[in-house]
Every structure is written in structure tokens, then in C-alpha cells.
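Have a look at the structure below before the remarks.
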There are 2 protein chains.
Amino acid sequence: MKDGVRGRVGRAGPLNRARIIRAAMRVVERDGVEVLTMRRLADEIGTAPMSLYRHVADKREVLLELLDAVSRQITDRPLPASSDPGSRLVETVVEVHRVLEANRWVVQAVLAVEELPPSALRLSEHMFAAMRVAGLDERTAAAAHTAIWHYTWGHVFFGHLSATSARAYDREEPTGRARYEELAHVMPAMLEQKSQDVFREGLKAMVDGFLAR
Amino acid sequence: MKDGVRGRVGRAGPLNRARIIRAAMRVVERDGVEVLTMRRLADEIGTAPMSLYRHVADKREVLLELLDAVSRQITDRPLPASSDPGSRLVETVVEVHRVLEANRWVVQAVLAVEELPPSALRLSEHMFAAMRVAGLDERTAAAAHTAIWHYTWGHVFFGHLSATSARAYDREEPTGRARYEELAHVMPAMLEQKSQDVFREGLKAMVDGFLAR
DNA sequence: ACCTGAACACCGTTCAAGT
DNA sequence: ACCTGAACACCGTTCAAGT
């Protein structure tokens with residue numbers, strides 16, 4: 001009995017917040033955010049569910065810490081510093097998108113906590129720096145920041161659903177398809193799209209549009 | 001006892017799929033999608049939870065029907081047909097956004113079902129029609145369609161979180177704020193933003209960018 | 001101080017039984 | 001044919017009790 005308890009707790013020392021967050025990240029990356037429950041998290045650490053609550057207020061706090069970790073993962077590395085100011089902005093955001101796309105669970109997490117971690121401010125800081133160099137005035141920069149941010153999250157949110165029109169169209173009967181003339185027309189082009197390229201292309205269009213003000 | 005049973009079931013006749021979906025919509029609009037459980041839905045109708053399962057396969061199917069209803073709500077009315085092709089596209093999408101924004105719960109629903117209802121194809125059809133009139137070739141139209149769709153969902157997804165940078169910044173201590181030079185600079189412009197205008201502005205920038213190809 | 005078992009108020013859904 | 005109660009395998013979290 002005593003050995004059993006020592007065996008579980010002993011290996012990594014006393015429970016603490018950092019250990020909980022690391023375990024949570026492991027679970028999320030391995031099994032997805034929908035599998036992350038307080039009970040499952042306790043299992044991962046080898047402790048009782050209620051032991052977690054001494055170190056974190058609730059599940060929401062765990063998720064917010066996970067989002068913080070992803071945010072740092074982006075800003076800890078130097079962001080691209082291209083010569084052309086327009087493409088510097090584009091490449092910065094592409095990098096943000098790349099990390100979010102690799103951690104799509106952030107979408108569910110953000111929706112659950114309805115908040116971004118403080119460290120996300122650094123991302124905005126980078127974007128605004130690039131926009132200032134590009135010569136945007138404050139008002140336009142604010143609008144561009146919001147638009148780019150929404151566009152980026154929309155891409156991650158929609159993810160593989162982006163091909164949804166194409167697949168929904170594919171599922172339609174021939175008689176049903178007849179009602180979608182326009183879709184029939186562009187369908188080949190839709191099917192050729194590559195996710196990563198499409199993100200950059202729409203971003204470029206948007207940045208171009210703002211730069212042309 | 002018998003009266004009790006008749007009282008619940010009697011009023012609206014036998015249970016059927018349409019009645020379930022209408023009740024679900026009532027619950028979602030009144031209390032939010034997170035309150036919509038099979039048990040709560042049965043309560044709303046005055047039946048037993050398991051009675052629902054004769055008429056719908058599972059909760060997922062209920063959500064998909066709700067999404068379908070919203071999608072029809074957009075396409076059933078004639079969409080704006082402006083003279084200028086660029087602004088016709090913009091106004092069409094603004095209208096889509098307006099309805100989605102009024103039913104923000106669709107975000108959670110889409111995330112849960114990981115699919116759009118077939119009727120959403122009509123939305124794409126409208127967008128492609130506007131883009132063809134605007135003279136976009138198929139390849140560019142496909143890219144624009146995806147980008148606009150992502151942008152729109154991102155706006156709804158992020159919703160009131162869009163002001164999140166501003167609020168996160170506001171929460172920072174003065175010493176913390178010092179680390180965000182760029183943010184300090186644009187903060188006044190950020191706080192002046194109005195959600196509906198910002199959506200149209202970013203959309204315009206993106207459409208302009210694609211038209212300028 | 002730190003941990004934990006039992007319990008509460010929930011879920012979606014299966015299964016066997018009712019009419 | 002249509003409906004339903006009991007039960008199963010889950011949740012997050014409170015509370016009182018353990019060391």
C-alpha cells in the first residue's frame with residue numbers, strides 16, 4: 001500500500017502547477033483537447049483529481065496556461081525580419097498561423113475560456129511593429145490588425161472544413177448539383193487549393209488592400 | 001396520472017422531427033447552445049429524453065439541423081444586388097456576417113459537428129456569382145472565396161474577443177505596459193473601432209486586393 | 001500543508017421494457 | 001409503432017476527512 005503511493009508520487013516529487021500544465025500539454029498534444037478532463041489529467045500525473053485543485057483554480061485556468069504556452073512558443077523565437085515591410089508583416093502572420101495550425105486545439109480552448117493569454121499581446125506588438133514600418137497610420141493599423149487577426153483565426157477555426165463546400169458539393173446528387181451553376185464552374189479550381197498557400201494568398205490580398213489606402 | 005401524461009403530450013400532437021428542431025432553436029436562442037442538452041430539450045417539449053431518439057439519430061444531427069436553419073435564413077431572402085460588382089460581393093458577405101453575428105452560437109455548433117449543412121452551398125453560390133460578375137478568374141475566385149469565408153468565420157469566432165488586446169493591455173500594470181511600445185501607440189485607435197464597420201473595412205481591403213490581381 | 005474519497009448535479013446514449 | 005425508466009460510463013467541482 002505505502003509502496004503504491006510512493007511509486008506514484010515519488011518519481012517526480014511534489015505536485016505543482018508547472019507539472020500539471022506540462023502533463024496537460026502532453027495529453028492535449030497526444031489525444032486532443034476534448035480528452036483533457038480533470039480526471040484524465042490526474043491519471044496522467046498519477047494523482048487524484050482533487051489534488052489538482054490545490055494548484056489550479058479550475059479547468060479554465062489550465063486551458064489558459066496551455067494557450068499561454070502556445071503563444072510563447074511563437075514569440076520566443078525571433079520573428080522574420082524581411083526587408084520589404086509588406087512581406088515582413090505577411091511572413092510574421094504566416095508564422096503565427098503555422099504554429100496555431102499545428103495546435104488546432106487552441107480553437108476549442110479559446111472558445112472555452114473566452115479570453116487570450118496576456119502573452120498574446122506580444123504577437124500584436126510584432127504585427128504593429130511591422131505595420132508601422134510599412135507606413136500605415138494608427139487608424140488603418142488598428143483596422144488591419146483586427147482584420148488580420150480574425151482572418152488568421154478563421155483559417156484555423158475552419159481548418160479542413162475550408163474544403164467543405166467542395167466536399168458538400170461532391171456529396172450532392174447530379175440533380176442537386178444542377179442547382180449550383182457557379183460552384184460547378186469553379187470546382188476544379190477549388191479542389192486544386194493548398195491550405196498553406198491559400199492562407200498566404202488571402203493574407204497578401206488583405207495586406208495589399210490596406211497598404212493601398 | 002393519465003391526465004398528467006395527456007397534458008404533456010396532448011397539446012401539440014405526436015412528436016416529430018420538425019417539432020424537435022423548433023424546440024431546440026427556441027432553447028438555443030433563449031439560453032445559448034451550451035444549455036442545449038438532450039435532457040433539457042426533452043423538457044422543453046414535455047417528453048422524455050429518450051423519446052427524441054426515435055426522430056433524430058443523436059445530438060449532432062440536431063445541431064446540424066439548427067445550422068441548416070440559420071443558413072436558410074440567409075439565403076431565403078434575396079441578397080443585395082448592387083450595381084458595382086465589387087460592392088455587391090462586399091454587401092452579400094456583410095449580410096451573411098450580420099446573420100451569423102446575430103447567432104453566434106453557430107460557432108460552437110460548427111465546431112461540434114465539424115461540418116456545414118448542405119444549404120450552405122447556396123451561400124457559396126451567391127459569392128461566386130458576385131465574383132464572376134466582378135471579373136475574377138476561377139483560380140482567383142476560389143482563393144477569394146476561401147479567404148472571405150475564413151475571414152467571416154474568424155470575425156464571428158473572435159467576436160467580442162477582438163477587443164481582447166485592448167482589454168488585456170488595459171489590465172496590465174504600468175510597468176507591464178512599458179513593454180508594449182507599439183500597442184501604446186495604436187491603443188487610442190484600437191478603442192475607437194466599431195465591430196460592424198471593422199468587418200466591412202477588412203473585407204473591402206481583401207476584396208480590393210483580389211480585384212487588383 | 002497537502003492530499004484525497006465520497007458525493008452532487010450533471011452529460012449522451014444503450015438497453016430492455018412498457019403501451 | 002411509439003414512447004420511456006433505469007442504467008452505464010462519463011463530466012467539473014464541493015465538502016469533509018485524512019496524513
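Lettering follows sequence order; numbering is per chain, from 1. Scope of the values below: all heavy atoms of this structure, side chains included, with no hydrogens, waters or symmetry mates.
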Go through it in stages, so that I can follow the logic: the residues are B:R98 and B:E101, the test is side-chain contact (heavy atoms from CB on, under 4.5 Å), and I'd like the CA-CA distance, side-chain angles, deciding distance and then a yes or no.
CA-CA 5 Å; B:R98 209 188 52 72; B:E101 193 73 37; 5.8 Å; no

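As a whole-Å value, the separation of A:L52 CG from C:dC3 C1' is 11 Å. At whole-Å resolution of the value, CZ in B:R54 and P in C:dT13 are 16 Å apart. Computed from coordinates, the A:N16 CG to C:dA1 P distance equals 18 Å when rounded to whole Å. In this entry the distance linking CD of A:E61 with C1' of D:dG12 reads 14 Å, nearest Å. The CD-C1' distance, from B:E34 to C:dC10, rounds to 15 Å in whole Å. A:R40 has its CZ atom 10 Å from the P atom of D:dC11, to the nearest Å. Atom CG of B:L41 is separated from atom P of C:dT13 by 12 Å (rounded to the nearest Å). Residue B:L15 contributes atom CG, which lies 17 Å from atom P of D:dA1 at whole-angstrom precision.
Pair assignment for C:dC3 gives none, since no Watson-Crick or G-U wobble pairing has each distance under 3.5 Å. Partner assigned to D:dG12 is C:dC8, using Watson-Crick or G-U wobble distances below 3.5 angstrom. Base pairing of D:dA17: no nucleotide in any strand meets the Watson-Crick or G-U wobble criterion (both distances under 3.5 Å).
For A:T47 and C:dC3, the shortest distance from a side-chain N or O to OP1 or OP2 is not below 4.0 Å. Contact annotation: A:H55 side-chain N/O to C:dC2 OP1/OP2 distance is not under 4.0 Å.
Closest contact between the side chain of A:M38 and the listed nucleotides C:dT13, D:dT13, D:dC3 involves D:dT13. Checking D:dC3, C:dC3, D:dG12 against every side-chain atom of A:K59, the shortest atom distance belongs to D:dG12.
Side-chain contact annotation: A:T75 with A:H126, donor-acceptor N/O pair under 3.5 Å absent.
Using a 4.5 Å heavy-atom threshold, the side chains of A:E182 and B:H145 count as separate.
Each of A:M50 and A:V35 lies near DNA chain D, and the nucleotide nearest A:V35 is the one positioned closer to the 5' end. Along DNA chain C, the nucleotide closest to A:Y53 and the one closest to A:R39 are compared, and the more 5′ of them pairs with A:Y53.
Note on ring orientation: taking the six-membered ring where Trp is involved, the planes of B:H150 and A:H155 are perpendicular (angle over 60°, cut-offs 30° and 60°). Using the six-membered ring where Trp is involved, A:Y180 and A:Y169 have ring planes that are perpendicular, over 60° apart on the 30 and 60° scheme.
Within 4.0 Å (heavy atoms only), A:S51 reaches at least one base atom of the nucleic acid.
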